[in-house]
Amino acid sequence: AQSVTQLGSHVSVSEGALVLLRCNYSSSVPPYLFWYVQYPNQGLQLLLKYTSAATLVKGINGFEAEFKKSETSFHLTKPSAHMSDAAEYFCAVSDFGNEKLTFGTGTRLTIIP
Amino acid sequence: GAGVSQTPSNKVTEKGKYVELRCDPISGHTALYWYRQSLGQGPEFLIYFQGTGAADDSGLPNDRFFAVRPEGSVSTLKIQRTERGDSAVYLCASSLNRGTGNEQFFGPGTRLTVL
């Protein structure tokens, strides 16, 4: 079965600093990988997705993630944090031919002014 | 345009009662998904519809849970004999058509509290 591990349930960074949110997956075949963001009282919003094209994926709001098969990782980064980035971030995976998403437990990002 | 909407936004019920949660997907989206998000956890898959039929209901925890989508648009998640452990946020998502890797658009969720 698919699984996703997000290291760090809470991450705090200073405004303007690098954001790095970690995601590792387990899959026997190359999966599809997603990062979603959840703002308070709002639905999940897709930030970016990897679907076996380029390994470096650029998303909305300046976020990007790199698929590293050798490390089974798909870490999310942003060069310079903004106050508006404070939210909960979820990594998710699905196998080819399988519609459902398997989510990690989430990382709450706090931005320090 | 209108996104996925879910009603009610909050539902408080007593143990043993029956509840229905409604999802209105984005117009034209043929695929519809239900997930459940418990406190401090990521969403967990419950069921997936393609059109009117349930293509994958492997995530439904037991036979107290049932979902329908009779006309291929609106879906209702039904929970019988609710238990305190059913308390969670129930999320609905839709996508334009089937296919792994398609973006799923999520609604704001229904927060169910079973007393």
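No hydrogens, no waters, no symmetry mates; every other heavy atom, side chains included, goes into these values. Sequence lines set the chain letters: A, B, ... in the order given, protein chains first and strands last, and positions in each chain run from 1.
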Quiz item: Side chain, backbone, both or neither: which part of B:Ser9 has a non-hydrogen atom closer than 4.5 Å to chain A?
Solution: neither
Quiz item: Quick one: side-chain contact (heavy atoms from CB on, under 4.5 Å) partners of A:Glu66, sequence neighbours excluded?
Solution: A:Leu56, A:Lys68
Quiz item: Taking only heavy atoms into account, what residues of residues 78-86 of chain B are found under 4.5 Å from chain A?
Solution: none
Quiz item: Any link between B:Leu32 and B:Tyr35 through a network of hydrophobic side chains (Ile, Leu, Val, Met, Phe, Trp, Tyr) touching at under 4.5 Å?
Solution: no
Self-check item: chain A neighbours within residues 105-115 of chain B, where any heavy atom lies under 4.5 Å away
Solution: B:Phe106, B:Gly107, B:Pro108
Quiz item: Which bit of A:Lys100 comes within less than 4.5 Å of chain B, counting heavy atoms only: side chain, backbone, both or neither?
Solution: both
Quiz item: Should B:Tyr33 and B:Phe49 be counted in the same cluster of Ile, Leu, Val, Met, Phe, Trp and Tyr side chains packed under 4.5 Å apart?
Solution: no
Exercise. Between chain B and each of A:Gln42, A:Gln45, A:Gln38, count heavy-atom pairs under 4.5 Å; write down the option with the most.
Key: A:Gln38
Exercise. Could you state whether A:Leu76 and A:Met83 fall into the same hydrophobic cluster, counting links through intermediate Ile, Leu, Val, Met, Phe, Trp or Tyr residues with side-chain heavy atoms under 4.5 angstrom apart?
Key: yes
Exercise. Please answer: with hydrophobic residues joined when any side-chain heavy atoms are less than 4.5 Å apart, are B:Val68 and B:Phe45 in the same cluster?
Key: no
Quiz prompt | Common cluster, A:Leu20/A:Val57, ILVMFWY with side-chain heavy-atom separation under 4.5 Å | solution = no
Quiz item: Can you say whether A:Gln6 sits under 4.5 Å from chain B via the side chain, the backbone, both, or neither, judging by heavy atoms?
Solution: neither
Practice problem: For atom CZ of B:Phe66, decide whether the heavy atoms of other residues, nucleotides or ligands shown that lie under 6.0 angstrom number more than 12. | Solution: no
Self-check item: Over all atoms of both residues, closest heavy-atom pair of A:Phe90 and B:Gly42
Solution: CE2-CA, 3.5 Å
Practice problem: Under 4.5 Å heavy-atom distance to chain A, tell me which part of B:Gln104 shows up: side chain, backbone, both or neither. | Solution: both
Self-check item: Closest heavy-atom pair and its distance - A:Lys49, B:Glu103
Solution: NZ-N, 3.9 Å
Quiz item: Do any of residues 101-113 of chain A come closer than 4.5 Å to chain B, heavy atom to heavy atom, and if so which ones, in number order?
Solution: A:Leu101, A:Phe103, A:Gly104, A:Thr105
